[in-house]
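These notes concern the structure reproduced below.
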Amino acid sequence: MSPSYVSTTTTSTITTASPQTLEIDAIDDAASYVPVISSLSSVYSASALPAQEGRWASLVACFKQFYPAEDLTFIARSPGRVNLIGEHIDYSLFDVLPMAITQDVLIAVHVGDTDGKLVLNNTDPHFPSRTFNVADLKDIEIDATVHEWSNYFLAGVKGAFSLLPSAEIPSMHCVIDGRIPTGAGLSSSSAFVCASLLAIATAVKAAASPSSTTFANAVTKSDLVQSAIVSERHVGVNSGGMDQSASVFGVPGHALRVQFYPQLKASPVAFQSDDFAFVIANTLVVADKHVTGPIHYNLRVVETTVAAEILAKQCGLGPLPIRDGFGGTLRGVVEAFKARGVDMTGVMDKVKQVFSKQEGYTLAETAELLGQSELEITKKYMTRFPVRFERFQFRARALHVLDEARRVEKFCELLAHAPADRSGDDAEEKYLQDLASIMTASHKSCRALFDCSCEELDELVGLAVANGAYGSRLTGAGWGGATVSLVRKDKANDFVQCLKEEYYSKRYPGISEDKMNDAICITEPGLGSAVVVGNYSA
Ligand code: ATP
Ligand code: GLA
Ligand code: MG
């Protein structure tokens with residue numbers, strides 16, 4: 001029997017400092033520093049390498065155009081991720097199973113003591129040039145009410161100062177090249193924030209040791225993840241920790257089981273069969289979480305958090321540990337019930353009892369259940385991240401979270417065993433069907449209980465299953481963005497072709513082959529964050 005996750009990339013402990021707060025202490029060793037790499041063949045798989053070499057060469061050329069007189073000191077890189085199972089449960093502190101993907105954000109940096117400026121240029125002309133005085137960065141305010149691309153870099157600045165409070169950021173002249181489609185559920189935002197934070201920590205190190213050419217040990221993976229999780233919220237989205245964990249801890253050829261409780265931990269999960277693959281298909285409906293946060297993402301965080309607080313109050317569980325200064329979690333509720341001998345099915349029954357009103361709860365009804373005033377509730381949960389709602393859907397949201405947490409457990413249990421361990425001629429077929437049925441159930445729950453799907457996602461999921469996928473589901477936040485489908489490897493190319501014809505050509509008549517190739521791909525789990533120093537080729 002093989003273990004479900006074979007080794008531990010990094011471990012940080014979350015200690016209960018008081019009944020109300022969770023503190024995260026990092027325990028790191030030298031092995032868990034973000035790697036500094038000198039060859040692209042250590043970053044990408046052999047199949048991805050040729051295209052990446054061309055792309056890195058273009059970035060280096062673009063850097064020279066922006067800054068003709070300056071040396072390129074290093075390139076910081078952080079990838080996007082695809083989540084296989086465990087949607088919208090990271091901020092309730094339940095385990096999730098994402099993997100890092102090839103598509104990434106690169107930040108090419110010149111470090112100097114020249115002009116006291118942080119200059120941000122982007123290879124994508126949609127993101128105009130921005131300049132800041134480095135002397136102003138320490139106290140810089142991020143205006144979360146505007147959707148501004150450089151806010152994500154400034155979130156990295158905030159994270160860097162929380163890690164290195166006395167750091168002096170040197171002049172940095174940067175070119176950003178992101179290849180993760182934005183708002184596609186593949187976490188371009190966290191890749192950008194992690195790459196920014198990594199770029200700043202590396203620049204600080206480079207400025208401190210100008211003669212060095214390696215800049216090794218600038219930041220540990222664990223510190224990078226934890227700072228990026230907290231600092232990304234400065235852009236105005238109350239996000240969890242899955243995306244940053246996947247982006248930084250990614251291990252080639254493996255998914256990652258990310259745990260948030262009782263300690264932040266990312267464990268590589270090997271696939272026990274070579275016969276299946278995951279295909280990512282982007283609906284091309286952009287899900288802009290910053291813009292829709294008040295009615296979508298941030299509202300779901302409030303609904304799940306307040307649901308947990310109400311359950312604790314109504315069931316006499318006592319105060320729940322608070323996640324990142326925001327509120328209690330459903331994981332806290334499950335642990336409190338577990339200590340009283342109540343299992344997950346029992347907790348789901350309690351949810352149905354406490355939240356018997358299927359139509360949802362007004363703020364006044366919520367205040368009554370919580371024993372707090374409407375003003376208090378608004379101040380605590382809806383001020384930093386404002387939301388708009390008529391009724392909170394506590395019952396449906398909590399039931400999704402608890403059942404999805406069970407699906408992650410079941411999926412990981414299945415992955416722990418090779419299909420060949422099963423008996424019968426159709427062992428592998430049955431194995432893939434079992435994995436896939438968990439994915440499909442997850443999509444149904446996202447659609448019906450968590451209400452984070454959309455017409456295009458549902459259509460793509462339906463077409464995927466009709467065209468040979470064992471199972472399919474939305475991935476990432478939803479409300480647009482991408483699906484992930486489980487297919488047989490030997491059928492994957494045909495499957496991609498079918499979706500091009502059935503979805504892209506029909507929904508977007510005249511769409512170019514290049515656009516379709518960007519939108520749908522057979523994915524492979526890749527390496528997490530890295531700093532690359534050298535000649536930027538294989
Ligand atoms: P999800 O969070 O659902 O996985 P996502 O991270 O792609 O998807 P958002 O969290 O809404 O979506 O973040 C997208 C925003 O991140 C963009 O609107 C843009 O402001 C910023 N961003 C991402 N990549 C880049 C880039 N290469 N250059 C500039 N800004 C970027
Ligand atoms: C976004 C957030 C993550 C997670 C997913 C949904 O990607 O950034 O923290 O909540 O949505 O699973
Ligand atoms: Mg994001």
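Read the numbers this way: they start at 1 and go in the same order the structure lists the ligands and their atoms.
- Evaluated for a salt bridge (Lys or Arg N to Asp or Glu O under 4.0 Å) with Asp104, the options Arg179, Arg81, Arg77 yield exactly one hit, Arg77.
- Between Val531 and Val34, the shortest heavy-atom contact is N-CG1, 4.4 Å.
- Aromatic ring pairs are classed by plane angle as parallel below 30°, tilted from 30° to 60° and perpendicular above 60°; the pair His173 and His110 is tilted.
- Relative ring orientation between Phe278 and Phe271 is described as tilted, the plane-to-plane angle lying within the 30° to 60° band.
- Ring geometry for Tyr503 against Tyr508 counts as perpendicular: the plane angle is over 60°, on a 0 to 90° scale with 30° as the lower cut.
- Taking the six-membered ring where the residue is Trp, the centroids of Tyr91 and Tyr297 are separated by under 6.0 Å.
- For the side-chain hydrogen bond (donor to acceptor under 3.5 Å, both in side chains) test, no residue two or more places apart in sequence or in another chain qualifies with Glu309.
- One option in Leu474, Asn238, Val237, Asp90 has a heavy atom closer to atom 3 (C) of ligand 2 than any other, and that option is Asp90.
- Between Tyr361 and Phe392, the distance separating the two ring centers is not shorter than 6.0 angstrom.
- Protein heavy atom in closest approach to atom 1 (C) of ligand 2: Asp243 OD2, 3.6 Å.
- Every atom of ligand 2 is numbered from 1 in the order shown, and the set under 4.0 Å from a heavy atom of Ser239 is 8 (O).
- In the model, His443 has a side-chain atom that pairs as donor or acceptor with a side-chain atom of Asp458 under 3.5 Å.
- Remark: the Ser512 side chain and the Asp514 side chain contain no N/O donor-acceptor pair separated by less than 3.5 Å.
- Residue Glu87 has at least one heavy-atom neighbour below 4.0 Å for each of these atoms of ligand 2: 6 (C), 12 (O).
- When non-hydrogen atoms are compared, ligand 2 lies under 4.0 Å from the side chain of Arg81 (C-beta onward) but not from its backbone.
- Every residue two or more places apart in sequence or in another chain that forms a ring-ring contact (aromatic ring centres under 6.0 Å, His included) with Phe450 is listed here: His88, His400.
- Every atom of ligand 2 is numbered from 1 in the order shown, and the set under 4.0 Å from a heavy atom of Gly240 is 9 (O).
- Between atom 2 (C) of ligand 2 and the options Phe450, Tyr91, Tyr297, the minimum heavy-atom separation is to Tyr297.
- Although no hydrogens or angles enter the test, the distance criterion places a donor-acceptor pair under 3.5 Å between the side chain of Thr220 and the main chain of Asp223.
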Please give the N or O to N or O pairs under 3.5 Å between ligand 1 and the protein, distances rounded to 0.1 Å.
from, atom 1, to, atom 2, distance (Å)
ligand 1, 2 (O), Lys289, NZ, 2.2
ligand 1, 3 (O), Lys289, NZ, 3.2
ligand 1, 4 (O), Arg81, NH2, 3.1
ligand 1, 4 (O), Leu186, N, 3.4
ligand 1, 4 (O), Ser187, N, 2.8
ligand 1, 6 (O), Ser188, N, 3.1
ligand 1, 6 (O), Ser189, N, 3.0
ligand 1, 6 (O), Ser189, OG, 2.9
ligand 1, 7 (O), Gly183, N, 2.9
ligand 1, 7 (O), Ser188, N, 3.2
ligand 1, 7 (O), Ser188, OG, 2.7
ligand 1, 8 (O), Gly185, N, 3.4
ligand 1, 10 (O), Ser189, OG, 3.0
ligand 1, 10 (O), Lys289, NZ, 3.0
ligand 1, 11 (O), Lys289, N, 3.3
ligand 1, 12 (O), Gly183, N, 3.4
ligand 1, 18 (O), His147, NE2, 3.1
ligand 1, 28 (N), Asn122, ND2, 3.0

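- Near Met242, meaning under 4.0 Å from any of its heavy atoms, are these atoms of ligand 2: 4 (C), 5 (C), 12 (O).
- Each protein N, O or S atom less than 2.8 Å from the Mg ion (ligand 3) was counted, giving 1.
- Under the 4.5 Å side-chain criterion, counting only non-hydrogen atoms from C-beta, Val533 is in contact with Val36.
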